[in-house]
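Structure first, then comments.
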Protein chains: 4
Amino acid sequence: MTRYKPVEAKRLHVQIVEAIVGRIVSGELEPGTFLPSEPEMAMQFGASRAVVREALRVLSEKGLVEIRHGAGTRITEPESWDPLDVDILAARRERGTMVSVLQDLMEARRIFECEVAALAAERAEEDDLQAMQSAVRLMQGTVEDHVAFSHADAVFHRALLQATRNRALIKMGDSMRELLTFSQQTTSSLPGVLKRALRDHVAIFRAVKRGDGAAARTAMRKHLAGTERDVKALLNL
Amino acid sequence: MTRYKPVEAKRLHVQIVEAIVGRIVSGELEPGTFLPSEPEMAMQFGASRAVVREALRVLSEKGLVEIRHGAGTRITEPESWDPLDVDILAARRERGTMVSVLQDLMEARRIFECEVAALAAERAEEDDLQAMQSAVRLMQGTVEDHVAFSHADAVFHRALLQATRNRALIKMGDSMRELLTFSQQTTSSLPGVLKRALRDHVAIFRAVKRGDGAAARTAMRKHLAGTERDVKALLNL
Amino acid sequence: MTRYKPVEAKRLHVQIVEAIVGRIVSGELEPGTFLPSEPEMAMQFGASRAVVREALRVLSEKGLVEIRHGAGTRITEPESWDPLDVDILAARRERGTMVSVLQDLMEARRIFECEVAALAAERAEEDDLQAMQSAVRLMQGTVEDHVAFSHADAVFHRALLQATRNRALIKMGDSMRELLTFSQQTTSSLPGVLKRALRDHVAIFRAVKRGDGAAARTAMRKHLAGTERDVKALLNL
Amino acid sequence: MTRYKPVEAKRLHVQIVEAIVGRIVSGELEPGTFLPSEPEMAMQFGASRAVVREALRVLSEKGLVEIRHGAGTRITEPESWDPLDVDILAARRERGTMVSVLQDLMEARRIFECEVAALAAERAEEDDLQAMQSAVRLMQGTVEDHVAFSHADAVFHRALLQATRNRALIKMGDSMRELLTFSQQTTSSLPGVLKRALRDHVAIFRAVKRGDGAAARTAMRKHLAGTERDVKALLNL
DNA sequence: GTGGTCTAGACCACA
DNA sequence: GTGGTCTAGACCACT
């Protein structure tokens, strides 16, 4: 039987989540098997049942377990696991997964963000432009700090998205936010990447500012092509 | 043969959420005002505080309230409400909202689903094709029942998405699932819509089956154009 | 201040009961035919056999089905359906049924409640009078809200019953409670009904308070005659 | 010929109910104290929790215990015990209780059954008369066997009730059935009672048969007066 | 094979 | 920790 170490610090349920995610993703806990009952887990983790339940709810949202009233909580098959959940990605840091996830992301961005840029160019209003402007300035000031830079990058893309004024696109774009950030932080540690990215964003911004949709689409496509090269370079190492 | 729909336990917090969403969206509870305290609400609803807290968490995710530690829970301004949340959409069935949301959705689908269809055509494997095939057959059998049909429709699009084998696209597509269903059920009550939709899906399916990405893209574009006409016809009445 | 209604967990078997009652009463499921077996229904409803059995037990108590050990569960002929079951009454909202049920009820009340009022007048003690007093006040405060009023009405009649100190009468009276409420809510939506009912109840209360059995009987008879006129007015429309 | 009573699987929860009713009514378990928890009782009785819960549900319906969610199950004060519950009556065979319950019943019958007899006389149809006729014959054949006789008596009264064709009266009358049987079996052991009762029922039957409501009412009143004398005779001993 | 009953144990909601 | 509800599956008796 598997035993758990008691947790102690704050955000108790997060620690429980991490402990269980790790065991599931590593294969130590096999799909189809049941977790211990809630009271049993509460005892093992030295926490209250409320905390355990909170953790189970999170695991269930990630698709890692299936909670069945009256029957117990069972570990699901890997195909129902959210393939893009960052906790899960973090747990399995295998190269293969990483590579293919980033490739998927790049493909999705090629489809999605070029058109977003075009629409944004056609519809951006003053406040959108200001937001992008600020983001670009922030990037200029952080070309040496890739963590700060990737945040500025995220802000820029969010402003672009917002400028489309299309709530469906915004919702879809937002669902990728977390993963996008992850990707940006991965590639932005490469030398030279940030400066090129900065140039690309300036180009996109200018196209948007003058309302030139076609140019914005092209600039975005160019940016993504560059990013893709970076990703490949990073991963083929 | 008589068939029954599965029953489903309706959890307490969901009922509380619905009650409060209704009052907020209808304007009966005004932005800026505070909800009663958690113990007070627990008493009014005849439920425990845990249940009330769960409901508040959901409301907060929908952007309807802002929970401030130590200060109380306040109703937010309408601009922070999730514009695509189906509960909120259901609560305010005004025409204007509906129209613009469906227009946003159509625009997003034009960008997204044509490429999805093309990728699916290139990558679909046997199980994907079978899933689509089943969905098409289900649609054929339910052209008289628009609720059942729109579920079959949803199954088809999910299978198409799945066939892209791109987890980022799947995630983005899934984030629109609920709204898509909503849209389908709205338009599918129009006469003649279902038969046309069926023909369109058969065309898409055939293109995907023979691996012809360009044809799949075209077929999807045609389908969406038709749907858009239906939406407009429905709303401009 | 905003008030909320208590939420209530809807049990699974209740949903199954409602689904089947509707199909039987509507004639979709014909008398004489068998329901699917318990395991089969459990599968269709996505619930456990225990839940399905609970539902069947309720259906059987309503007289809608006949459960035969080892043979199956069959839908009965309409004459064995409980003619006063509120679920069944709700499912078939035909006029004829409604009329005759309310007529039966009025006849029973004429026999029963006049004597109850007389006995109550002879035996009521301080706490009974207080309960009636409160009910009367509640009625005074709710002449504009017929749902609240009919609840206050029910409280009054229960207090009167209680004042007889006769446990057999109390038991018999209670067996009619649900149907009485149903009747009150039906008639109390007529204009002017509530005010007259209020005056009648005040008269009954005063007679009871001064211990005048004959006057209480007379006042109750007058009240019921008035109610009967209302019922007839409502139904003969 | 010796006959055997059918054997019957005594359900587990009934045995638990009887055990606990006895202890509560005898005062061994005092009002205000808590019963052990459900799992604890399940262990003590060697049954599953489901069976224990079924027993507690019955006890709660009898008013002997108060089940409080999350807090426990407590024994209530005697005033909330159902004064007409046959199990409770059986458990406490004190004279006083018995006397007053039977007096209540007689009073209720005076109010109720005289009018029932009158209505029955006005509305009885062929099948009702046949049912009563059979019951009378059965009584004639069982004047020596007071148990069988009291069952025939019950059948007669049910047929009378049925003849009123009033579903509300039938429902109210049925709610007294159990207690009525109890009363009949108590008095019918007196010598001479059965023969008088037989004569009374023949008189009622004849009045009903010739459709004479007033005579039926009178005959029933006479019968009840006789029964009341028997009850008093029995109890004042 | 159907319904009747029971078990063991789970999650859900409450104090 | 309590009671409330549900699950899964067993054994039995009846048709």
Side-chain angles (χ1 to χ4, degrees), chain A residues 34-43 48-50 52-53 56-57 60 65-74, chain B residues 7-16 39 42-43 45-55, chain C residues 7-16 34-43 45-57 60 65-74, chain D residues 7-16 34-43 45-57 60 65-74:
Chain A
F34 282 86
L35 291 179
S37 74
E38 292 177 354
E40 171 66 21
M41 292 178 71
M43 211 188 56
S48 75
R49 267 180 62 190
V52 169
R53 281 178 58 76
L56 290 179
R57 225 174 70 81
S60 154
V65 303
E66 181 195 12
I67 304 176
R68 286 205 262 171
H69 190 164
T73 298
R74 174 145 51 173
Chain B
V7 294
E8 207 171 311
K10 192 162 200 174
R11 292 185 52 177
L12 291 182
H13 75 89
V14 174
Q15 300 180 51
I16 296 180
M43 211 190 55
F45 281 111
S48 72
R49 233 183 105 185
V51 169
V52 169
R53 283 179 58 77
E54 182 80 358
Chain C
V7 294
E8 207 172 311
K10 193 163 200 175
R11 294 183 56 178
L12 293 183
H13 76 87
V14 174
Q15 300 181 50
I16 297 180
F34 281 85
L35 291 179
S37 75
E38 293 178 353
E40 169 66 19
M41 292 178 71
M43 211 189 56
F45 281 111
S48 70
R49 201 183 140 202
V51 168
V52 168
R53 280 182 57 73
E54 184 75 17
L56 291 178
R57 210 176 62 79
S60 154
V65 303
E66 182 195 10
I67 304 175
R68 289 206 250 171
H69 191 166
T73 298
R74 173 144 55 170
Chain D
V7 293
E8 208 171 310
K10 194 161 200 176
R11 292 185 57 177
L12 293 182
H13 76 89
V14 174
Q15 302 180 50
I16 297 180
F34 281 86
L35 291 179
S37 76
E38 293 178 353
E40 170 66 21
M41 291 179 71
M43 213 188 55
F45 281 109
S48 72
R49 203 185 137 198
V51 168
V52 168
R53 280 182 57 74
E54 184 75 18
L56 290 178
R57 209 176 61 81
S60 158
V65 303
E66 182 194 12
I67 304 175
R68 287 205 255 171
H69 191 167
T73 298
R74 174 145 54 170

Options [options], nucleotide nearest the side-chain atoms of [X]:
X: B/Ser48; options: E/dA13, E/dG4, F/dG4; result: E/dA13
X: C/Ala47; options: F/dG3, E/dT7, F/dT7; result: F/dT7
X: D/Leu12; options: E/dA13, F/dT7, E/dT7; result: E/dT7

- Task: Please report the shortest heavy-atom distance between A/Ala42 and A/Ser48, naming the atom on each side.
- Result: CB-C, 4.1 Å
- Query: Any idea which heavy atoms bring A/Ile67 and A/Leu56 closest together, and the distance?
  - Reply: CD1-O, 3.8 Å
- To the nearest 0.5 angstrom, please state how far the CZ atom of D/Phe45 sits from the CG atom of D/Leu12.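 Output value for this atom pair is 11.0 Å.
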- Note on the structure: CZ of A/Arg53 to OG1 of A/Thr73, rounded to nearest 0.5 Å, is 9.0 Å
- Item | Quiz item: A/His69 side-chain donor-acceptor pair to F/dT5 base, under 3.5 Å | yes
- Check if the side chain of D/Arg57 and the base of F/dG4 share a donor-acceptor pair of N or O atoms closer than 3.5 Å. no
- Chi angles and distances behind the side-chain contact (heavy atoms from CB on, under 4.5 Å) call for C/Glu54, C/Val51: CA-CA 5 Å; C/Glu54 184 75 17; C/Val51 168; 5.6 Å; no
Please report, rounded to the nearest Å, how far the [atom2] atom of [N] is from the [atom1] atom of [X].
X: C/Met43; N: F/dT7; atom1: CE; atom2: P; value: 15 Å
X: C/His13; N: F/dC6; atom1: NE2; atom2: C1'; value: 11 Å
X: D/Glu38; N: E/dC11; atom1: CD; atom2: C1'; value: 15 Å
X: D/Phe34; N: E/dA15; atom1: CZ; atom2: C1'; value: 11 Å
X: A/Leu35; N: E/dC11; atom1: CG; atom2: C1'; value: 13 Å
X: C/Arg49; N: E/dG4; atom1: CZ; atom2: P; value: 8 Å
X: C/Gln15; N: F/dT5; atom1: CD; atom2: P; value: 14 Å
X: D/Met41; N: F/dT2; atom1: CE; atom2: P; value: 13 Å

- With a non-hydrogen cut-off below 4.0 angstrom, is D/Ala50 in contact with a base, only sugar-phosphate, or nothing? base
- Query: Touch check for D/Leu56, heavy atoms < 4.0 angstrom, all strands: base, sugar-phosphate only, or nothing?
  - Reply: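 If one applies the 4.0 Å heavy-atom cut-off, D/Leu56 turns out to touch nothing in the nucleic acid.
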- Query: Taking it one step at a time, do D/Glu38 and D/Met41 satisfy side-chain contact (heavy atoms from CB on, under 4.5 Å)?
  - Reply: CA-CA 5 Å; D/Glu38 293 178 353; D/Met41 291 179 71; 5.8 Å; no
So, is [X] near the phosphate of [N], with a side-chain N or O under 4.0 Å from OP1 or OP2?
X: D/Arg11; N: E/dG4; value: no
X: C/Ser37; N: E/dT2; value: yes
X: C/Thr73; N: E/dG3; value: yes
X: D/Arg53; N: F/dG4; value: yes

- Task: Could you run through DNA chain E and flag its stems, i.e. three or more consecutive Watson-Crick or G-U pairs with both distances under 3.5 Å?
- Result: E:1-14 with F:1-14
- Item | Position toward the 5' end of DNA chain F (nearest nucleotide), C/Gly46 or D/Gly72 |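 Its nearest nucleotide lies further toward 5', so the answer is D/Gly72.
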